[in-house]
Amino acid sequence: MNPLRRKVYMVAGYNTVSMGTGRKEFNPKKERPGLEYYIKEAGQGTLKQIGGAGNVDECVIGNFIAARFNKQANMAAFFPYIDEGLRYKPAVRVEGACATGGLALMTGIKSVLAETADVVLVVGVEVQNTVKAIYGADFLAAAGWFQNRKNGHAYFFPGQFSDRAGAYFEKYGREKTRQALARWYRNAIENARLCPTAQEYHNATKDLEAQGLTEPNGKSFVDHLNVFDCSKVSDGASAIAIISEEGLKRVGIPLTDAIEVAGWGQVADDLTKDPQDRTALSTSKVAVEQALQRAGITRDQLATAEIHDCFTIAGVMAIEAMGFAAPGKGPDFILEGKTARDGVIPFNTTGGLIGWGHPTGATGVHQAVTILEQLTGKAGDAQIIIPADKPYGLSLNMGGDDKTLVSIVYRRP
Amino acid sequence: MSYEERLQNVSVLGAAGKMGSGILLLTAVEMADTSLKPEFKGKSFVLNAIDVSDQALSGLMKYLYVQVQKMAEKKMVQLRQFYSNRADLIENSEIVDEYVRYVISLVRTSTRIESAFDSLLIFEAIKENPELKGKILSSIDTNNPKKPWYFTNTSSIPISEIDKNSGLEGRIIGFHFYNPPAIQKLVELIKGEKTLKELEAFALQYAKNMRKIVVPANDIAGFIGNGHFMRDLLFGMKLVERLSADMPMHEAVYIVNKVTQDFLVRPMGIFQLIDYVGIDVCQYILSVMNARIAGEDLHSDLLDRYAGYGVKGGQFADGSQKNGILQYDKNKITGIFCLKRKEYAPFIDFQDRNDARLGNLPANAPQWKTAIRVKNRDELFSGYFDSLRKTESPGAKLALEYAAESARIANQLVTNGVSHSAENVNTVLLTGFFHAYGPVNKY
Ligand SMILES: NC(=O)c1ccc[n+]([C@@H]2O[C@H](COP(=O)([O-])OP(=O)(O)OC[C@H]3O[C@@H](n4cnc5c(N)ncnc54)[C@H](O)[C@@H]3O)[C@@H](O)[C@H]2O)c1
């Protein structure tokens, strides 16, 4: 793989609250802020740290499906709403289902590499609490092939991953796997409690693992997963600046407050095909391998990972796709505490999609912001120790059922 | 005739009423789900919603639309199966819309009882008036050549009596929903002397399909639910009369209401429950029972006095509580009707004094809201009743006296043959009245 022709950095991350059930201030019956509100808050949050809109060359917004949740398109034109200083600057909206945020980051990275920009403002956003979950499921099903919708589950994606969980249980055993899913859930919530913007920040459940072990009920939901195995319906936005070395000088941010993009894997697979093996995330595997290879490191050099746990079972399979455990051994890796915040490699240190929340179009950007905070020592109560010999973090952002993937490796400079 | 054939033409009388609207909703959905089975394709199904006013019926349709939609959203998994052969219905929203449209299309509103002349099953939920019920059912039956079956929702009138007065010869059963029928799980099922076996089997199937808890009661006025409630009410009234020798009557009402709610860990105090049901409804049920049950005085002068001053209770159209013996501000109790002054005396004038008079609740007193979430409550309530007995406070003593009376009433319902078992009485109180524990217990 070609070495990067320029150094690319990320700085000035910002997350809004991930709003939805679980947050004390969330009231489904009251009117709530819309897309613009979240875009503006996140965008301004980043602009403030980089010396204002005047320093921005290009803008990228990631959004999955506002056309349905909010009846809104033409999202690139929201940038001047964030700050008038962004009027007449190039802006683009990208979409790749739940990997939208990752694609937005890649778009920014490529602009910097193409030398058309030194500073790119990237925002990811989704506002999904506009409809009941049963109708939201219709919208989110667009991440799969629409031809499959008719025969899919009422809750389409929970149905897909329930089928994966069922296949995994059958092949590798149910009991231990379910325990690992419950542990994953507990870790996610406990991490979220350390992050004030997390949707589960207020969660006060005592015995999380017992809750995670709730028996799935296929009559009202899906056969192999319960609601605690699922990420939540969230409203939120995240923003970050992608920036060249010259850009860093322009905005006046020291290298110690930046992370460097060390490598990435950006891959897609055929949307119309069912997975060959429901027990494995084979596209995710390719993405992570490419990212590590391009960065020239091994997974043992990673201090932390933000992975796409839209469902607990996706967490297990991601661990295996990353090579941390052999197929079927992901549950052991979790149950041995290796993914916990004091484990060999802490995963999803602010709760991930299950604990922090999953405003779909923002999630990929949120992952980058979390790693930026961790590697620069700005993660507050959620801060983990970054060993000197492991200056790397990795994100894995997945669109649909292992179809559109972005994995990025970041380095503390 | 099969269960499904019987459901092909149904009428609900009093469909716009409190109970009728819920019964209509449940029946419409049951009818829809039955008719959507492949084997009934092409068969017609009709549900007549009969009431006296067009205006009320149009309100009913609005209610129905909203409720069916909510129910559909909750059973998407099943609905997707129903419509699996409909290539044009792909998204949940499309399926919900189609299902709601279909359910509504089964319902015909009407202000004429003639609409019931073709029905095979007739659900009666009109006023609790034996003469009116008898008159309407017999006029339908003489004009309906199909020998229909009747479900009555009466709360107190013996089924055999309605049967006899209307000449139905056993084609009637008491199917006593609790309010609101769409939410309350309990159904008291009451056979008359002549009730047909097949009708009972049908009723059980219907209840099962709607996932109701069925408790059989014998055909004695008031059945189990009102059999307990009315006597419980009378005891409350008597207690108020007794206590008011030493205090103003509205303060005695405060005391008894508080003892029955907080000290007995019930969802509401006895006077709030009377207001909830409505003073006039309580009077009516009592008069029906009193006229039919010998050897007991099921009547309260005090209740009549309240009614005489226009004290009503019941709910507004939006479900909020009207003033009754107690005064309410958005469902919060703020005062009590004073018979002397003929106006509401505000709580603040006497609350503290009477709370002090009652004494504190034992420290381990459970809150009703938390208690009902506990699965096995025996330990909780044994401990609590132990403390009540140890506490010498007037509040604790009144609570124990009241609990003993409630248990006596329950046991009497068994000895008098209203209920087959104390267990059934407990089930009715637990599920129909949301009590946290049954009146017959070892606490
Ligand atoms: N409300 C309760 O908590 C409750 C609980 C269980 C059983 N019940 C019983 O259910 C029955 C109905 O009670 P409700 O509370 O629904 O009363 P309701 O007054 O709300 O409803 C009665 C309905 O019957 C209609 N009606 C009156 N005469 C009619 C006629 N000739 N033809 C057609 N419709 C007529 C009225 O317009 C009204 O809409 C009663 O027998 C009552 O004892 C009530």
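Small disclaimer: the values here were computed from a predicted structure and weren't measured. Naming: A, B, ... by sequence-line order, numbering from 1 per chain.
Remark: A:Glu170 CD is loosely packed, at most 12 non-hydrogen atoms of other residues, nucleotides or ligands lying under 6.0 Å away. Under a cut-off of 6.0 angstrom, the local environment of CD in B:Glu39 is crowded, with over 12 non-hydrogen atoms contributed by other residues, nucleotides or ligands. By the 6.0 Å contact criterion, OH on A:Tyr37 is open, its count of non-hydrogen atoms from other residues, nucleotides or ligands being 12 or less. Atom CD of B:Gln367 has 12 or fewer neighbouring heavy atoms from other residues, nucleotides or ligands inside a 6.0 Å radius. Under a cut-off of 6.0 angstrom, the local environment of CD in A:Glu25 is crowded, with over 12 non-hydrogen atoms contributed by other residues, nucleotides or ligands.
Here A:Asp401 pairs with A:Arg164 under the salt bridge (charged side-chain N to carboxylate O under 4.0 Å, His left out) rule; sequence neighbours left out.
Side chain of A:Lys150 to backbone of B:Leu89: a donor-acceptor contact under 3.5 angstrom is found.
Atom NZ of B:Lys74 and atom NZ of A:Lys132 lie 7.5 Å apart (nearest 0.5 Å). The CD1 atom of B:Ile95 sits 9.5 Å away from atom CD1 of A:Ile134, with the distance rounded to the nearest 0.5 Å.
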For a quick test of your reading: what N or O donor-acceptor pairs under 3.5 Å do the side chains of residues 59-66 of chain B make, sequence neighbours left out?
none

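A salt bridge links A:Arg68 with B:Glu91; the closest basic N to acidic carboxylate O contact falls under 4.0 Å.
Heavy-atom distances place the backbone of A:Lys219, and not its side chain, under 4.5 Å from chain B. Neither the backbone nor the side chain of A:Phe156 comes within less than 4.5 Å of any heavy atom in chain B. For B:Ser93, the parts sitting under 4.5 Å from any heavy atom of chain A are the backbone and the side chain alike.
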After noting the C-alpha distance and the side-chain angles of B:Glu73 and A:Tyr135, does the key distance pass the side chain to side chain donor-acceptor pair (under 3.5 Å) rule? CA-CA 9 Å; B:Glu73 287 162 354; A:Tyr135 303 118; 2.6 Å; yes

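Minimum interatomic distance between B:Asn92 and A:Asp138 (heavy atoms only, all atoms of both residues): N-OD1, 2.7 Å.
Per-residue counts of heavy-atom pairs under 4.5 Å with chain A were compared for B:Glu94, B:Lys75, B:Arg80; the largest is that of B:Arg80.
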